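Note that the structure is predicted; figures quoted are calculated from it, not measured. Below, chain A is the first sequence line, B the second, and so on; all start at residue 1.
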Number of protein chains: 2
Amino acid sequence: MVTTADETTATTTSRARMTGKQRREQLLEVGRKLFADKGFEATTVEEIAAKAGVSKPVVYEHFGGKEGLYAVVVDREIRALLDVITGALSSHGHARVLLEQAALALLDYVENSTDGFRILVRDSPAGQSTGSFASLLSDVASQVEHILAAEFKRQKLDPKTAPIYAQMLVGMVALTGQWWMDSRKFKKADVAAHLVNLAWNGLAGMEPKPILRTARK
Amino acid sequence: MVTTADETTATTTSRARMTGKQRREQLLEVGRKLFADKGFEATTVEEIAAKAGVSKPVVYEHFGGKEGLYAVVVDREIRALLDVITGALSSHGHARVLLEQAALALLDYVENSTDGFRILVRDSPAGQSTGSFASLLSDVASQVEHILAAEFKRQKLDPKTAPIYAQMLVGMVALTGQWWMDSRKFKKADVAAHLVNLAWNGLAGMEPKPILRTARK
DNA sequence: GTCGTAGGTTACGGTTGCGTAAGTTACCTC
DNA sequence: GAGGTAACTTACGCAACCGTAACCTACGAC
């Protein structure tokens, strides 16, 4: 044992004994990071344990296995993301403002919880056919759909087509978030403003200098 | 499909001896299907071999391993998709028409080569950090960027922002394709028309009954 | 200060799936 | 119909990981 030194890459985070809760949270953190970096299958239980400065059975004790840990990690991320998006979409106001807020909410999430977002995007624990991220997207899309349907009626457009447009908007925002996560060459507020600009005005009627209508931290 | 008999799940496609080329192509087909259905890691070499009615070493003979086979499969798909998209984008004409054609090209691809598209979207052979699909997208985005930059100058918009909009458009189209692949509740031409409608006119100025401007098979 | 228990360890069994060595069969050529 | 070669097989070695059984150890309560 001895080992004050870390062998290969493992940064032995803790050394001391912890309470169950603490250890559990720590394992979740460590796992999150690893899953984000290397994906589900490429991450091994031993690696997780090592990086938490603990031995393998501890992981099994808390989560019953890799899948168990992964499930909890994903569940938390899904909930967190869904919460902020739903929050943004269910404040009342002009559809344009809702869009703006939802976009900002996603970008915030991408910024603050990059690892989590990366996990969701990667998804792929083979088991569930419906990737959890896909189902999150379709959940959000259905919220957007309702907003759009109302808006369409007002504008004398066919509400039957709302699902398509909902899907497109969600896709646009989601993939833009994904892209922004890696490139990061533009400011968050700018990305959001352009997002809204394109979605609202279209290429034919774009504002030259789009600005946000919402005050934000 | 010249299937003779299937046992449990493995559809032993061939029984007879083949030439090297034939076998190679057959293995690529089989692999493509399996990778699309189960992903890279979940697919085993034995499974591929079995489904091709052949034994494992044959696969190693032709491709040197699972990764080798996968690489060829992905490479072909990337090329194919990139070709049709690039083709659509490099015909000259109104930007709106280009968008329309590119959208249709993608949807065609999704329709005709569903397995391939699913593989690309899944991607994830751990190795290359830059998922091949991501790099394809950014490739396409850069093409779109140039088209947009020209268009922006004409419209007195800032060409510096073209990359963002390019990314958004590509994201919108790509994720819509992904969604359409699974849902399939709308007709291809309709999806394309709505795609163009949103991108071009925006939510504020949508046409009630968008129609395509291009004649298509 | 002993003792119960939560927190932790070492060490192993078992499966899975990759990759290869060595040998076999059909087919084509002369 | 002998033999060479391309196509293919059986059989195995081996490494990685998962998961578990069995055994320690710090530490607060009494």
Side-chain angles (χ1 to χ4, degrees), chain A residues 1-4 6-10 12-31 34-35 37-73 124-127, chain B residues 4 7-10 12-31 34-35 37-73 124-127:
Chain A
M1 36 178 269
V2 174
T3 354
T4 320
D6 16 328
E7 340 152 333
T8 42
T9 58
T12 316
T13 309
S14 94
R15 198 114 297 284
R17 199 169 251 234
M18 285 184 182
T19 75
K21 261 207 154 102
Q22 287 176 323
R23 188 61 79 191
R24 189 183 152 92
E25 291 306 315
Q26 188 215 8
L27 286 172
L28 283 170
E29 252 178 67
V30 170
L34 285 172
F35 289 140
D37 288 350
K38 332 190 4 178
F40 175 77
E41 328 229 26
T43 302
T44 78
V45 174
E46 275 202 10
E47 207 176 355
I48 296 169
K51 211 155 191 171
V54 96
S55 70
K56 223 176 11 156
V58 174
V59 177
Y60 286 93
E61 189 60 32
H62 282 288
F63 302 98
K66 192 166 61 157
E67 301 243 24
L69 204 171
Y70 185 81
V72 176
V73 169
S124 67
Chain B
T4 37
E7 332 147 341
T8 38
T9 57
T12 315
T13 309
S14 93
R15 200 111 296 284
R17 196 169 253 233
M18 283 184 183
T19 75
K21 260 207 154 107
Q22 286 176 323
R23 187 62 78 191
R24 189 182 153 92
E25 291 306 315
Q26 188 216 6
L27 286 172
L28 283 169
E29 251 178 68
V30 169
L34 284 172
F35 289 139
D37 288 351
K38 331 189 8 178
F40 175 76
E41 330 229 25
T43 303
T44 78
V45 174
E46 275 201 10
E47 207 176 353
I48 297 169
K51 212 155 188 171
V54 96
S55 72
K56 223 177 9 156
V58 173
V59 176
Y60 287 93
E61 189 59 33
H62 281 288
F63 302 98
K66 193 166 59 157
E67 302 243 24
L69 204 172
Y70 185 81
V72 176
V73 169
S124 68

Just how far, in rounded Å, is P of dC18(C) from CD of Glu67(B)?
10 Å
Less than 4.5 Å apart, side chain to side chain, heavy atoms only: is that true for Leu69(B) and Phe35(B)?
yes
Return the set of residues passing side-chain contact (heavy atoms from CB on, under 4.5 Å) with Tyr60(A) (not counting sequence neighbours), or none when no residue passes.
Val45(A), Lys56(A)
Report yes if the side chains of Leu27(A) and Val58(A) come closer than 4.5 Å at any heavy-atom pair, otherwise no.
yes
Using the side chain to side chain donor-acceptor pair (under 3.5 Å) criterion, which residues pair with Glu25(B)? Sequence neighbours excluded.
Arg76(B)
Please write out each protein N/O paired with an N/O of nucleotides 23-25 of chain C under 3.5 Å, distance rounded to 0.1 Å.
from, atom 1, to, atom 2, distance (Å)
dT25(C), O2, Arg17(B), NH2, 2.9

Counting heavy atoms from C-beta on, name the nucleotide in dA21(C), dG7(C), dC18(C) closest to the side chain of Thr19(A).
dG7(C)
In whole Å, I'd like the distance from the CZ atom of Arg23(B) to the C1' atom of dA26(C).
13 Å
Just jot down the side-chain contact (heavy atoms from CB on, under 4.5 Å) partners of Gln22(A), sequence neighbours excluded, or say none.
Met18(A), Thr19(A)
Over how many whole Å does the gap from Glu46(A) atom CD to dT10(C) atom P extend?
11 Å
What is the nucleic acid contact for Thr44(B), judged by heavy atoms within less than 4.0 Å: base, sugar-phosphate only, or nothing?
sugar-phosphate
Specify the separation, in whole Å, of atom CG of Leu69(B) and atom C1' of dG19(C).
15 Å
Between Lys38(B) and Glu47(B) (salt bridge meaning N to carboxylate O under 4.0 Å), is one present in this structure?
yes
Pairwise distance OG1(Thr43(B)) to NZ(Lys66(B)) - rounded to 0.5 angstrom:
6.5 Å
Could you give the OH-to-C1' distance, from Tyr70(B) to dC18(C), as a whole number of Å?
18 Å
Hey, does Phe40(B) have a side-chain heavy atom less than 4.5 Å from the side chain of Glu41(A)?
no
Which residues pass the side-chain contact (heavy atoms from CB on, under 4.5 Å) test with Ala49(A), sequence neighbours left out?
Val54(A), Val59(A)
For dC18(C), does OP1 or OP2 lie under 4.0 Å from any side-chain N or O of Lys66(B)?
yes
Reading DNA chain D from 5' to 3', where do the contacts with chain B start and stop? Cut-off is 4.0 Å to heavy atoms.
dA6(D) to dT10(D)
Remember a base hit wins even if backbone is also touched, and classify Gly20(B) as base, sugar-phosphate or nothing at under 4.0 Å, heavy atoms.
sugar-phosphate
5'-most by nearest nucleotide on DNA chain D - Lys56(B) or Lys21(B):
Lys21(B)
